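Below is one structure, written out as structure tokens; the observations come after it.
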2 protein chains.
Amino acid sequence: MVYIKDLLRKKGLRVTPQRELIYRLLSESKAHPTAEHVYQEVRKTFPSISFNTVYKTVRSLEEWGLLQRFNTGENIYRYDANVSPHPHFICLSCGRVDDMDNFPDDVENYVRKAASTSPCEIKFVNLHFYGYCPLCRGSSRKINNKEEDNGGSD
Amino acid sequence: MVYIKDLLRKKGLRVTPQRELIYRLLSESKAHPTAEHVYQEVRKTFPSISFNTVYKTVRSLEEWGLLQRFNTGENIYRYDANVSPHPHFICLSCGRVDDMDNFPDDVENYVRKAASTSPCEIKFVNLHFYGYCPLCRGSSRKINNKEEDNGGSD
DNA sequence: TTGAATGCAAAATATTTGCATCTTC
DNA sequence: GAAGATGCAAATATTTTGCATTCAA
């Protein structure tokens with residue numbers, strides 16, 4: 001893909017084979033990988049790459065707006081090539097982090113509007129949903145590591 | 001406050017002066033302190049207390065449902081004696097973490113309902129708002145460490 | 001008395017920095 | 001050639017575990 005090369009150059013970033021692969025893997029992934037995950041994947045193509053290179057690369061890509069970094073509450077940074085704000089789902093059992101597909105776009109604006117009474121200047125909001133993914137729900141893999149049900153009225 | 005003693009005993013936790021103070025400080029705080037913050041505060045009363053005792057205590061209190069632990073994206077755990085789910089505000093400039101006071105209660109249910117089309121079993125949702133607090137907004141302390149404005153329509 | 005809590009130390013995990021060498025532009 | 005990227009190593013920051021001693025029930 002020449003596209004990725006251009007995208008990197010457009011941001012003023014130099015194009016190296018490692019960097020190109022790191023960004024390609026992230027842009028093709030829906031798994032919200034950690035730096036370590038990316039490292040393990042990139043090693044398959046570049047066995048001599050260092051974790052440090054992966055780390056610095058994802059930091060650069062984030063700094064230049066090509067990646068989004070976030071943290072689901074497990075104290076590990078995760079990266080996402082989809083830089084527009086969008087809600088995530090975190091499975092309390094297997095730990096997977098997914099995008100909330102089919103989540104209505106207007107909800108975020110609704111939420112932001114609800115926050116507009118705050119004396120703070122809101123820039124963006126993170127919506128993180130926690131629960132059990134289709135593979136874990138109903139299975140014995142479920143664990144109780146947070147309060148059970150809070151919503152009540154829905 | 002005898003109240004705290006009873007609360008701890010009711011959960012089957014032993015009452016020690018250190019533990020009582022740790023919980024009292026947290027229940028009286030709105031600052032969402034880290035374990036280190038709590039440690040620094042407790043030392044003023046118990047100079048010989050170890051960080052480890054504070055750490056293990058807040059872990060126990062969380063395990064028994066007396067504290068909520070979360071993480072705002074800075075890879076440090078914060079603790080809150082208000083264990084019911086509620087939205088938080090994180091200042092991009094000074095780092096303070098506040099409750100979103102006056103935030104409409106029904107928004108969380110609205111959000112949860114919007115998530116109900118997901119194949120996942122949602123247990124709870126975290127709403128984290130990022131921006132500039134009243135003290136930092138408009139001041140030179142503002143920094144750009146995330147995308148500027150995303151909402152568009154509000 | 002007994003099991004849990006405390007305190008000191010060290011291990012584990014993840015992030016970040018330093019620096020010499022190499023590569024892209 | 002110069003600025004930036006890479007790779008190896010070590011430093012930082014935080015969380016977590018081990019264990020002997022102390023204390024609450």
Side-chain angles (χ1 to χ4, degrees), chain A residues 2 4-25 32-40 42-43 45-64 66-67 69-79 95 97 145, chain B residues 2 4-25 32-40 42-43 45-64 66-67 69-79 95 97 145:
Chain A
V2 175
I4 289 178
K5 285 192 171 86
D6 290 343
L7 196 59
L8 295 172
R9 286 205 188 91
K10 202 180 302 175
K11 294 285 184 176
L13 293 166
R14 289 190 178 173
V15 177
T16 65
Q18 294 94 328
R19 185 164 282 199
E20 195 182 350
L21 178 60
I22 289 169
Y23 182 75
R24 193 204 313 284
L25 288 173
H32 310 86
T34 65
E36 181 67 28
H37 292 153
V38 176
Y39 173 53
Q40 295 304 337
V42 176
R43 299 182 74 172
T45 304
F46 297 105
S48 68
I49 199 172
S50 68
F51 171 79
N52 190 275
T53 296
V54 175
Y55 171 78
K56 282 184 178 166
T57 300
V58 293
R59 294 296 278 137
S60 288
L61 294 175
E62 188 215 350
E63 188 176 357
W64 292 99
L66 292 176
L67 292 180
R69 182 175 85 164
F70 65 97
N71 163 326
T72 60
E74 49 184 357
N75 274 21
I76 304 175
Y77 287 131
R78 291 175 173 274
Y79 295 88
V97 178
N145 70 355
Chain B
V2 175
I4 289 178
K5 286 192 170 84
D6 290 342
L7 196 59
L8 295 173
R9 287 206 187 91
K10 201 180 301 174
K11 293 285 185 175
L13 293 166
R14 289 190 178 174
V15 177
T16 64
Q18 294 94 328
R19 185 164 282 198
E20 195 183 350
L21 178 60
I22 290 170
Y23 182 74
R24 191 203 316 283
L25 287 173
H32 310 88
T34 65
E36 181 66 27
H37 292 152
V38 176
Y39 173 54
Q40 295 303 337
V42 176
R43 299 181 73 172
T45 304
F46 297 104
S48 68
I49 199 171
S50 68
F51 171 80
N52 189 273
T53 295
V54 174
Y55 171 78
K56 282 184 178 169
T57 300
V58 292
R59 294 296 278 139
S60 288
L61 294 175
E62 188 214 351
E63 188 176 356
W64 291 99
L66 292 176
L67 293 180
R69 182 174 85 164
F70 65 98
N71 165 323
T72 61
E74 51 186 354
N75 275 19
I76 303 175
Y77 287 130
R78 290 175 174 273
Y79 295 88
V97 178
N145 70 355

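Chain identifiers are assigned alphabetically (A, B, ...) following the order of the sequence lines, protein sequences preceding nucleic acid strands; residue numbering begins at 1 within each chain. Everything quoted here is computed from the prediction, not taken from an experiment.
Note on B/Ser48: only backbone sugar-phosphate atoms sit closer than 4.0 angstrom, heavy atoms only; bases stay farther off. Using a 4.0 Å heavy-atom distance criterion, B/Gln18 is classed as a sugar-phosphate-only contact. Counting any heavy atom pair closer than 4.0 Å across all strands shown, A/Tyr55 reaches a base atom. Using a 4.0 Å heavy-atom distance criterion, B/Thr34 is classed as making no nucleic acid contact. Contact annotation for B/Ser60: no contact, since no heavy-atom pair falls under 4.0 Å across all strands.
Between the P atom of C/dC22 and the CZ atom of A/Phe46 lies a distance of 18 Å, rounded to the nearest Å. Atom CG of A/Leu8 is separated from atom P of C/dT24 by 13 Å (rounded to the nearest Å). Whole-Å rounding puts the B/Ile49 CD1 to C/dG7 P distance at 5 Å. For A/Lys56 and C/dT16, the NZ to C1' distance is 9 Å, given to the nearest whole Å. We find that CG of B/Leu61 is positioned 14 Å from C1' of C/dA4, with the value rounded to whole Å. Remark: P of C/dT6 and CZ of B/Arg59 are 16 Å apart, rounded to the nearest angstrom. Spacing between atom CG of A/Asn52 and atom C1' of C/dC22 amounts to 15 Å, rounded to whole angstrom units.
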Practice prompt. Run the numbers on A/Phe70 and A/Val97 for side-chain contact (heavy atoms from CB on, under 4.5 Å), then give the verdict.
Written response: CA-CA 11 Å; A/Phe70 65 97; A/Val97 178; 4.1 Å; yes
Practice prompt. Could you check A/Thr72 against A/Glu74 for side-chain hydrogen bond (donor to acceptor under 3.5 Å, both in side chains), going step by step and ending with a plain yes or no?
Written response: CA-CA 6 Å; A/Thr72 60; A/Glu74 49 184 357; 3.2 Å; yes
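Nearest-nucleotide mapping onto DNA chain D: of B/Tyr79 and B/Leu13, the residue sitting toward the 5' end is B/Tyr79. Nearest-nucleotide mapping onto DNA chain D: of B/Val15 and A/Arg19, the residue sitting toward the 5' end is A/Arg19. If B/Pro17 and A/Thr16 are placed on DNA chain C by their nearest nucleotide, the residue sitting closer to the 5' end is B/Pro17.
The two residues B/Ile76 and A/Asn75 make their nearest non-hydrogen contact at N-OD1, 3.9 Å.
Within the 4.5 Å cutoff, no side-chain heavy atoms of A/Thr57 are placed close to those of A/Gln18.
For C/dT6, one of the phosphate oxygens OP1 or OP2 lies less than 4.0 angstrom from a side-chain nitrogen or oxygen of B/Thr57.
Taking the six-membered ring where the residue is Trp, the centroids of B/Tyr79 and B/His37 are separated by 6.0 Å or more.
The span of DNA chain D lying next to chain B, judged by atoms under 4.0 Å from heavy atoms, is bounded 5' to 3' by D/dT14 to D/dA25.
Taking CG of A/Leu66 as the reference point, atom CD1 of A/Ile4 lies at 10.0 Å (rounded to 0.5 Å). The NZ atom of B/Lys56 lies 11.0 Å from the CZ atom of B/Arg19; values are rounded to the nearest 0.5 Å.
Here the side chain of B/Arg14 is nearest to one of C/dT16, C/dG3, C/dC19, namely C/dG3.
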